[in-house]
Amino acid sequence: MRKLLLGLDLGSSSVKASLLDVDSGKALVAKAFPEEEMPIDSPQSGWAEQDPEMWWKYAKECIAFVQKKAEVKKGELQAIGIAYQMHGLVCVDKNQQVLRPSIIWCDSRAVEIGAKAFKKLGADYCLPHLLNSPGNFTASKLRWVIENQPEIASKIHKIMLPGDFIAMKLTGEILTSETGLSEGIFWDFKKNGLSEKLLKQMEISKEWMPEVVASFSVQGKVTASAAKETGLESGIPVAYRAGDQPNNAFSLQVLKPGELATTAGTSGTVYGVCDEPLYDPQSRVNTFVHVNHSKKKPSYGVLLCVNGTGILNSWLKKVMGGSRITYEEMNSLGNGALIGSEGLVFIPFGNGVERIMQNKPVGAHLLGLDLLKHDKRHVVRAAQEGIVSALTFGFRIMKDMGMNLQTVKAGHANMFLSPLFRKTFVHMNRVNLELYNTDGAQGAARGAGIGAGIFSDENQAFHGLELLETLEPNANFYEPYEEVYQHWENRLKGLIRD
């Protein structure tokens, strides 16, 4: 009989499931639902919400599909792991019913609330204790609900992150993790526990906070009712949970100081691991508890996030013809333009306020357009160069913090499928890039294997992880790509001054 692990990855575009074979370490089947992107509701400018019950609907569809496709038999599925979009807020009542749509990661409404809390708590407390400003994170979003929707706040029994909600639907248990609380800016790194001072300042009830479990641990078992809804067997343990960026790093076996992971999906990220609680004084990049953190062996993840990454590429595809043009054709078009797109610049910050811009509403801009010179080729290339430039802007903040950035790992997915994007990334940042056959759902499955004790150690858990390609920069391209970056940064500074 096979031993299988199920990983679920709840994104803002889709929910993905992957079934991993324990013996081979290979994914047998993976599937994402819906076929098109999940809707993000924006009742007001700068708002971004999703219905948690929609996540559950697509999670159930994924689970049913992969089980049927792999012909899973009774007793084969050993454990379940969950990865999820970070920083979202889910509020439920005593009956575990959702009280309002989830305020998700790219929602900007709580920026001023976070800035006010930072001022009141003081930088001397926030930076060494929280390693971040409360910013636009989960705690600030919850405070927004308290201030603006008191009738909903009065009914709150517990608050959760998106992955905690999916785990609750499977197990009936409302739990969270240290890494989850740190990403919501609820965690005091000096006390290694909840920040009582932040809760008091924001008037957040401690009773609303879920019980904390380790990322790798048995965190409940599939209930009879969840089994009926999903087709899973009851009693299967949920044994891992983590936000998408710590989990993406884990899925690439990024667990030691100096190792880095990157993604370029809807948003773009670079996530580096360190053993000291480093922080950026301006909170343009953010530090959280990493999945393998412990009191004896601390582990922290420093996250650089650019909201406007794949979403810009997706928008461009729709504008250029939607289903009549493929991403491969777009990449080929962009490759037909010279490095630097003949002066055309894309500022990609069109998906909510950006942390690396200190939550200022910079927006997306196409600058320097010459109607007699530029065409589709230049626009596509400028978009990809602009996205990489935005990541480079944050990359250099991380270097200034003292992080060692030499080799970056990524899954062979999303914008890293583009040769143009990959070439721009390695040369603008002067790093080696390793591409692997993995994704967040597969990483969540491996995490479940560790949490349930099926894998004896980390090395066994990553049996089957395959390095597909290594890209090394060519020094001959350093100067041209540095010129692209400097031109991009100068145009950005001009926008900010204006």
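Worth saying up front: this structure is predicted, and the values here are computed from it rather than measured.
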Check this for me: [X], atom [atom1], are more than 12 non-hydrogen atoms of other residues, nucleotides or ligands nearer than 6.0 Å?
X	atom1	value
K3	NZ	no
Q96	CD	yes
K221	NZ	no
E151	CD	yes

Under 4.5 Å between any side-chain heavy atoms of [X] and [Y], yes or no?
X	Y	result
P34	S14	yes
L28	L4	yes
N247	V291	no
L435	L471	yes
L260	T407	no
F33	K16	no
Y240	I80	no
I159	M209	yes

### Task
Could you walk me through whether F216 and F455 pass the ring pair (Phe, Tyr, Trp, His ring centres under 6.0 Å) test, one step at a time?
CA-CA 11 Å; F216 302 100; F455 294 130; over 10 Å; no
### Query
Between R2 and D21, is a salt bridge (Lys or Arg N to Asp or Glu O under 4.0 Å) present by the stated rule, with each step listed?
CA-CA 7 Å; R2 298 176 298 180; D21 180 78; 5.6 Å; no
Would you kindly say whether [X] and [Y] are connected by a side-chain donor-acceptor distance under 3.5 Å?
X	Y	result
W187	E178	no
N136	N359	no
Y327	E329	no
T266	S13	yes
S283	N132	no
Q219	E173	no
Q50	Q85	yes
T269	T263	yes
S225	T223	yes

### Task
Nearest 0.5 Å please: distance from the CZ atom of F288 over to the CD atom of E183.
7.0 Å
### Message
Could you measure the distance from the OG1 atom of T138 to the CD1 atom of I204? Nearest 0.5 Å is fine.
### Response
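Going from OG1 on T138 over to CD1 on I204, the span is 10.0 Å.
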Keeping [X] on the side-chain end and [Y] on the backbone end, is there a donor-acceptor pair under 3.5 Å?
X	Y	result
N292	L255	yes
R446	G25	yes
Q67	G231	yes
T230	L232	yes
T438	L252	no
H463	V22	no
Q442	A27	no
S234	A227	no
K155	C91	no
N351	N307	yes

### K68 NZ/CZ over F65 ring centroid, <6.0 Å and within 45° of normal
no
### Query
Is a salt bridge present between D188 and K190, judged by a nitrogen-to-oxygen distance below 4.0 Å?
no
### Task
Run the salt-bridge test on E196 and K206 with the 4.0 Å N-O cut-off and return the result as yes or no.
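The answer is yes: the pair qualifies as a salt bridge.
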### Query
Which residue, L89, D41, I40, forms the side-chain contact (heavy atoms from CB on, under 4.5 Å) with I104?
I40
For residues [X] and [Y], report the shortest heavy-atom separation together with the two atoms involved.
X	Y	value
I156	W208	O-NE1, 3.4 Å
I146	E203	CD1-O, 3.6 Å
V380	M330	CG1-O, 3.2 Å

### Message
Can you classify the ring geometry of W144 versus W47 as parallel (below 30°), tilted (30 to 60°) or perpendicular (above 60°)?
### Response
perpendicular
### Query
Less than 6.0 Å separating the ring centroids of H129 and F189?
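Centroid separation for H129 and F189: 6.0 Å or greater.
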### Message
Please determine whether salt bridge (Lys or Arg N to Asp or Glu O under 4.0 Å) holds for the pair E147 and R143, giving the CA-CA distance in whole Å, both sets of side-chain angles, and the decisive distance to 0.1 Å.
### Response
CA-CA 6 Å; E147 291 182 7; R143 181 63 205 168; 3.0 Å; yes
### Query
Stepwise, does the salt bridge (Lys or Arg N to Asp or Glu O under 4.0 Å) test hold for K57 with E229?
CA-CA 10 Å; K57 172 183 180 292; E229 284 194 72; over 6 Å; no
### Message
Does F165 form a ring pair (Phe, Tyr, Trp, His ring centres under 6.0 Å) with Y84? I'd like the steps, not just the answer.
### Response
CA-CA 10 Å; F165 172 78; Y84 59 89; over 10 Å; no
### Task
Could you give me the CA-CA distance, side-chain angles and deciding distance for E49 and R100, then say whether salt bridge (Lys or Arg N to Asp or Glu O under 4.0 Å) is met?
CA-CA 9 Å; E49 300 182 342; R100 70 169 327 281; 3.1 Å; yes
